[in-house]
Amino acid sequence: MFPARADFSLSLDFLSQAKPRPGDLIEIFRLGYEHWAVYVGNGYVVHLAPPSEIAGAGAASLMSALADKAIVKKELLSVVAGTDKYHVNNKHDDKYTPLPPSKIVQRAEELVGQEVLYKLTSDNCEHFANELRYGVSRSDQVRP
């Protein structure tokens with residue numbers, strides 16, 4: 001027996017969302033900008049977290065742009081995203097060859113707990129995530 005039409009389209013919506021795999025980049029949609037993280041498996045991501053980066057904080061988390069240092073954290077994706085929408089976005093795979101997933105995860109895990117330089121224009125969370133996946137530090141949010 002086929003499901004009712006509403007159930008069928010709900011199933012298609014569910015299937016169209018890519019499940020993160022280790023090494024994937026996760027784009028989290030905050031109010032006014034995107035936060036980036038690297039999926040490392042078992043529901044966890046590694047990300048660059050300026051002191052005021054708070055999941056679901058909206059405009060308040062924009063204050064993270066003023067920080068000059070950040071902590072590399074490993075947290076559950078559900079905690080980092082909070083109520084914000086997110087998706088897998090390996091958008092530069094056509095330009096750069098991703099490192100092997102095990103290498104991406106290893107590099108990310110080795111950085112957890114470290115305090116690093118944070119600059120909105122040159123060392124932000126998107127630069128960090130792209131550096132881990134591709135070995136190339138770049139952020140489309142701050143490119144001219």
Side-chain angles (χ1 to χ4, degrees), residues 3 6-144:
D7 292 338
F8 182 72
S9 62
L10 177 65
S11 298
L12 287 178
D13 288 342
F14 177 75
L15 292 174
S16 70
Q17 295 198 358
K19 182 179 177 187
R21 294 180 308 239
D24 279 344
L25 299 184
I26 307 297
E27 183 178 20
I28 303 166
F29 298 94
R30 303 276 197 242
L31 181 61
Y33 72 104
E34 290 79 41
H35 183 61
W36 290 81
V38 175
Y39 189 78
V40 294
N42 298 318
Y44 284 88
V45 294
V46 170
H47 66 117
L48 196 56
S52 62
E53 177 65 35
I54 301 167
S61 64
L62 287 174
M63 292 303 291
S64 66
L66 303 177
D68 64 355
K69 295 204 190 278
I71 302 291
V72 179
K73 291 186 176 181
K74 179 179 179 180
E75 299 179 284
L76 286 169
L77 173 56
S78 60
V79 170
V80 176
T83 59
D84 296 328
K85 301 239 186 262
Y86 66 87
H87 70 144
V88 172
N89 189 351
N90 299 320
K91 65 182 177 178
H92 297 301
D93 281 7
D94 61 339
K95 295 180 194 101
Y96 307 112
T97 302
L99 296 170
S102 61
K103 181 74 170 170
I104 297 167
V105 171
Q106 177 188 356
R107 293 174 74 207
E109 298 266 4
E110 287 172 353
L111 294 170
V112 171
Q114 291 187 25
E115 184 176 77
V116 297
L117 183 65
Y118 180 88
K119 290 185 183 174
L120 181 63
T121 58
S122 61
D123 295 301
N124 67 34
C125 59
E126 187 176 4
H127 289 101
F128 175 79
N130 281 312
E131 175 68 33
L132 287 171
R133 182 168 176 84
Y134 306 110
V136 176
S137 177
R138 70 174 284 167
S139 172
D140 295 337
Q141 294 181 92
V142 296
R143 293 180 72 84

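Everything numeric here is computed off the predicted structure, so don't read it as measured data.
Looking at residues two or more places apart in sequence or on another chain, you find no side chain to side chain donor-acceptor pair (under 3.5 Å) involving K103.
With hydrogens and angles disregarded, a donor-acceptor distance shorter than 3.5 Å links the side chain of N124 to the backbone of H127. Between the N130 side chain and the S137 main chain, no donor and acceptor come within less than 3.5 Å of each other. Not a single donor-acceptor pair under 3.5 Å links the side chain of R133 to the backbone N or O of I104.
A distance of 14.5 Å separates NZ in K119 from OG in S139, rounded to the nearest 0.5 Å. Note that CD of Q141 and CD of E126 are 4.5 Å apart. Values are rounded to the nearest 0.5 Å. Remark: K73 NZ to H47 NE2 distance equals 6.0 Å, nearest 0.5 Å. The distance from atom CG of N90 to atom OH of Y39, rounded to the nearest 0.5 Å, is 13.0 Å. Between the CG atom of L111 and the NZ atom of K74 there is a distance of 12.5 Å, given to the nearest 0.5 Å. Considering CD of E115 and NZ of K69, their distance stands at 5.0 Å, rounded to 0.5 Å.
We find that R138 and D140 are joined by a salt bridge, their nearest charged nitrogen and carboxylate oxygen being less than 4.0 Å apart. A salt bridge links E131 and R107; the closest N-O separation between the charged side-chain nitrogens and carboxylate oxygens is under 4.0 Å.
Ring geometry, Y134 versus Y96: the interplanar angle falls from 30° to 60°, so the pair is classed tilted.
For the residue pair D84/H35, the side-chain donor-acceptor check at 3.5 Å is not satisfied.
The environment of F128 atom CZ is dense: over 12 non-hydrogen atoms of other residues, nucleotides or ligands sit within 6.0 angstrom. More than 12 heavy-atom neighbours from other residues, nucleotides or ligands sit within 6.0 angstrom of NZ on K95.
Closest of all the heavy-atom pairs between V45 and A37 is CB-CB, 3.7 Å.
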